[in-house]
Amino acid sequence: MVEERTPAVKMRDITKRFGSVTANDKCWLDIYRGEILALLGENGSGKTTLMNMLSGIYFPDEGHIYIDDKEVVIRSPKDAFDHGIGMIHQHFKLVDVFTAAENIVLGLPGKLDLKAVSRKVRDICERYGFEVDPEQKVYDMSVSQKQTVEIVKVLYRGADILILDEPTAVLTPQETDKLFAVLRNMRNDGKAVVIITHKMHEVEDLSDRVAILRKGHFTGDMRTKDTNTQEMTNMMVGHPVVLNIDRPTPVDPKPRIEVSHLTVVSEDGVTKLDDVSFTANSGEVLGIAGISGCGQKELLEAIAGLQKTRGGSIAYLEDDGSREELIGKDPLEIAGLGVSLSFVPEDRLGMGLVGNMDLSENMLLRSFRSGKGIFTDRKAPHKLAEEVVRDLEVVTPSIETPVRRLSGGNVQKVLVGREIASAPTVLLTAYAVRGLDINSSYTIYDLINEQKKKGVAVIYVGEDLDVLLELADRIVVLCGGKVSGIVDGRKTDKRQVGAMMTKLGGVDA
């Protein structure tokens, strides 16, 4: 491949089918010790499936896996661990009421000596630069700390080939920097590290080599320093892609949503939003930045009429300046006012779509109560489903396919396409591109900007600060449920926003 050396892992002619869908088709992959490999590809290209076969979650239908030039059979995660392979998934598999140490040894045979476990955990942390308190309960941890426990868990069990699936999806820039420092320490210690990611700037910053899949096929690998984002994206997609986020200047922006002194307290008494105030204008993208769980979800739900509020006001303003108070109205009343609030939730198959229904039936869901307009018959939703599949390149056998059978990224495309097609005056989007590949993400950014040009007030909650700073006109930064500041997207930088996400105003509160 790249040079003459022995791979820690060789995967040859690996094929995996799910019914009529071939996820991986005769894939090759080499993984080397002392190297960070970025595994790239569009949604549905087979990246996670390929790594799931290496980590024992799936078993290949065809092909061979070699560890240090010796062919092995991996039928379970235990088999993978026996060969020194550990995978850290997007969704953590920790028991909340247990401590870090208890989670790390959960399921291991033999007598449990938690003092010895804690000592070994601290040794691992010291060696690689982790920050973990072995006695801390998981429910008291941040997302970053939970991820650290997952990584320490596979290292504790002897893994020297580590696979991380979208490791920075919900981390702040500062947390990402810490994680990258740890991964570099692991690489320098001779471990093999594979990351699956859609964030191209991270690929360029962190990886030594990239391997690219396209539609289940291996298309090539190369040294990261010998390529660039444009070339990697073209290889993933199979044709040249324009990688610019347009940010048109707002034309005649007018206040559309005014949030004043909004407070939301959860059912268990936790204050999720604390005296939050801001204005969202028509023809503008207003970004919402914050660490995961800092009130973004509750904010959008409150505006959409889905969240009870403790105090404050949310007003909808017409072009003539007349105001309608939204608090106290249910979602149907808000829609009845002509306020079409489109909500793209965090939980795609929980709040957004019905998994057992097909694509056109999920389109019909959006406005079936109104009994008027384009949704009076089944032809329009069917046509809309076809348009979403075509325009967003949704990978599906047909529009009659149940949504639950699509990959996560394709589910997301259906959801975003449906919400934007409802022609809102205010578009609320939470994590619109979470889990989407670079090509699909840019399609969504274009759709959002089209809405902005039509005068829609877009409120965009996003995890990728680089994108937020390119897309948003203004950014409201939340920290612990409070507004840490409101900044101009054209004049601020990632470090400033990251600091505001962790401390009010970017300084100690």
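All residue numbers in this chain count up from 1 along the given sequence.
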Query raised in the report: Tell me, do Val497 and Asp493 make a side-chain contact under 4.5 Å, heavy atoms counted?
Result: no
Report task. Measure across Gly287 and Ala472 and return the closest heavy-atom pair with its distance rounded to 0.1 Å. Result -> N-CB, 3.7 Å
Requested in this report: For the pair Asn24 (side chain) and Gly46 (backbone), establish whether a donor and an acceptor sit closer than 3.5 Å, ignoring hydrogens and angles.
Outcome: yes
Query raised in the report: Between Leu317 and Ile257, does a side chain to side chain contact (heavy atoms under 4.5 Å, CB included) hold up when you go through it step by step?
Result: CA-CA 6 Å; Leu317 283 73; Ile257 293 283; over 6 Å; no
Report task. Measure the spacing between NZ of Lys26 and CG of Asp13 and express it to the nearest 0.5 Å. Result -> 6.0 Å
Requested in this report: For salt bridge (Lys or Arg N to Asp or Glu O under 4.0 Å), just list the numbers for Lys308 and Glu267, CA-CA rounded to whole Å, side-chain angles, deciding distance to a tenth of an Å, and then say yes or no.
Outcome: CA-CA 10 Å; Lys308 286 183 179 175; Glu267 288 181 0; over 6 Å; no
Requested in this report: Could you check if a side-chain atom of Lys16 sits within less than 4.5 angstrom of a side-chain atom of Met53, using non-hydrogen atoms only?
Outcome: yes
Report task. Report the distance from atom CD1 of Ile314 to atom OG1 of Thr309, rounding to the nearest 0.5 Å. Result -> 6.5 Å
**Report entry** side chain to side chain contact (heavy atoms under 4.5 Å, CB included) evaluation trace for Ile163 with Ile85
**Finding:** CA-CA 8 Å; Ile163 306 157; Ile85 300 164; 3.9 Å; yes
Query raised in the report: Does the Ser142 side chain pair with the main chain of Gln145, one donor and one acceptor, at a distance under 3.5 Å?
Result: yes
Query raised in the report: Between Lys146 and Glu150, is there a salt bridge with N-O shorter than 4.0 Å?
Result: no
Report task. Report yes or no: does Thr219 contribute a side-chain atom to a donor-acceptor pair with the main-chain N or O of Ile212 at less than 3.5 Å? Result -> yes
Report task. Identify whether the distance between the nearest side-chain nitrogen and carboxylate oxygen of Arg474 and Glu284 falls below 4.0 Å. Result -> yes
Query raised in the report: Short question: side chain of Gln296, backbone of Cys294 - any donor-acceptor pair under 3.5 Å?
Result: yes
Query - Pair His201-Asp466, side-chain donor/acceptor within less than 3.5 Å - result: yes
Requested in this report: To the nearest 0.5 angstrom, please state how far the CD atom of Glu202 sits from the CD atom of Glu166.
Outcome: 8.5 Å
**Report entry** Side chain proximity check, Phe81 to Val154, heavy atoms < 4.5 angstrom
**Finding:** yes
Query raised in the report: Looking only at heavy atoms, what is the nearest atom pair of Leu54 and Ala80, with distance?
Result: O-CB, 3.8 Å
Query - Test item: Trp28 and Asp221 side chains (from C-beta on) under 4.5 Å apart, heavy atoms - result: no
**Report entry** Residues Lys383, Glu386: salt bridge by 4.0 Å N-O rule
**Finding:** no
Report summary line: The ring-ring contact (aromatic ring centres under 6.0 Å, His included) partners of Phe59 (sequence neighbours excluded) come to none
Query raised in the report: Does the side chain to side chain contact (heavy atoms under 4.5 Å, CB included) test come out yes or no for Phe218 and Leu50, once each step is laid out?
Result: CA-CA 11 Å; Phe218 172 74; Leu50 189 63; over 6 Å; no
Query - Arg75, CZ: over 12 other non-hydrogen atoms inside 6.0 angstrom - result: no
Query raised in the report: Can you tell if the side chain of Lys47 reaches within under 4.5 Å of the side chain of Glu42, non-hydrogen atoms only?
Result: no
Query raised in the report: Among Asp319, Thr279, Asn281, which one satisfies side-chain hydrogen bond (donor to acceptor under 3.5 Å, both in side chains) with Arg256?
Result: Asp319
Query raised in the report: Tell me, do Val433 and Tyr445 make a side-chain contact under 4.5 Å, heavy atoms counted?
Result: yes
Query raised in the report: Does a side chain donor of either Glu204 or Thr229 reach within less than 3.5 Å of an acceptor in the other side chain?
Result: yes
Report task. Could you give me the CA-CA distance, side-chain angles and deciding distance for Arg490 and Asp473, then say whether salt bridge (Lys or Arg N to Asp or Glu O under 4.0 Å) is met? Result -> CA-CA 7 Å; Arg490 292 169 175 79; Asp473 298 292; 3.1 Å; yes
Query raised in the report: Closest approach of Gly283 and Pro250, non-hydrogen atoms and distance?
Result: O-CB, 3.2 Å
Query raised in the report: Looking at Glu301 and Lys297, does any basic side-chain N land under 4.0 Å from a carboxylate oxygen?
Result: yes
Query raised in the report: Does the side chain of Asp25 reach to within under 4.5 Å of the side chain of Arg17, using non-hydrogen atoms?
Result: no
Query raised in the report: Is the NZ or CZ atom of Lys178 positioned over Phe180's six-membered ring, under 6.0 angstrom from the centre and within 45° of the axis?
Result: no
**Report entry** Non-hydrogen atoms of Leu465 and Gly498 that approach each other most closely
**Finding:** CD1-N, 4.1 Å
Report summary line: Tyr442 and Ile245 have their tightest heavy-atom pair at CE2-CG1, 3.6 Å
Query raised in the report: Using 4.0 Å as the upper bound for N to carboxylate O, is an ion pair formed by Asp208 and Arg223?
Result: no
Query raised in the report: Is there a donor-acceptor contact under 3.5 Å linking the side chains of Thr176 and Thr168?
Result: no
Report task. Kindly compute the distance separating CG (Leu478) from CG (Leu273), expressed to the nearest 0.5 Å. Result -> 7.0 Å
**Report entry** CD1 on Ile74 to CD1 on Ile65, rounded to 0.5 Å
**Finding:** 4.5 Å
Requested in this report: For residues Leu164 and Ile151, determine if any side-chain heavy atom of one lies less than 4.5 Å from a side-chain heavy atom of the other.
Outcome: yes
**Report entry** Backbone of Asp79 reached by a side-chain donor or acceptor of Ser76 within 3.5 Å
**Finding:** yes
Report task. Test Asp30 against Arg12 for salt bridge (Lys or Arg N to Asp or Glu O under 4.0 Å), laying out the working first. Result -> CA-CA 9 Å; Asp30 288 344; Arg12 295 290 182 265; 2.9 Å; yes
Query - Carboxylate-amine/guanidinium contact Glu463 Lys199, below 4.0 Å - result: no
Query raised in the report: Is the centre of the Tyr460 ring less than 6.0 Å from the centre of the Tyr431 ring?
Result: no
Query - Test side chain to side chain contact (heavy atoms under 4.5 Å, CB included) applied to Leu29 and Met51, step by step - result: CA-CA 10 Å; Leu29 188 69; Met51 291 299 95; 3.5 Å; yes
**Report entry** Gly489 backbone acceptor or donor facing Thr492 side chain under 3.5 Å
**Finding:** no
**Report entry** Short N-O contact, Asp246 and Lys452, less than 4.0 angstrom
**Finding:** no
Query - Spatial distance of atom CD1 (Ile288) from atom CG (Leu468) [nearest 0.5 Å] - result: 8.5 Å
Query raised in the report: At their closest point, which heavy atom of Ser398 faces which heavy atom of Leu359, and how far apart are they?
Result: O-CD1, 4.4 Å
Query - Thr48 side chain to Asp165 side chain, donor-acceptor N/O pair below 3.5 angstrom - result: yes
Requested in this report: Decide whether a cation-pi geometry holds between Lys10 and Tyr66; the criteria are a distance under 6.0 Å from NZ or CZ to the six-membered ring centre and an angle within 45° of the ring axis.
Outcome: yes
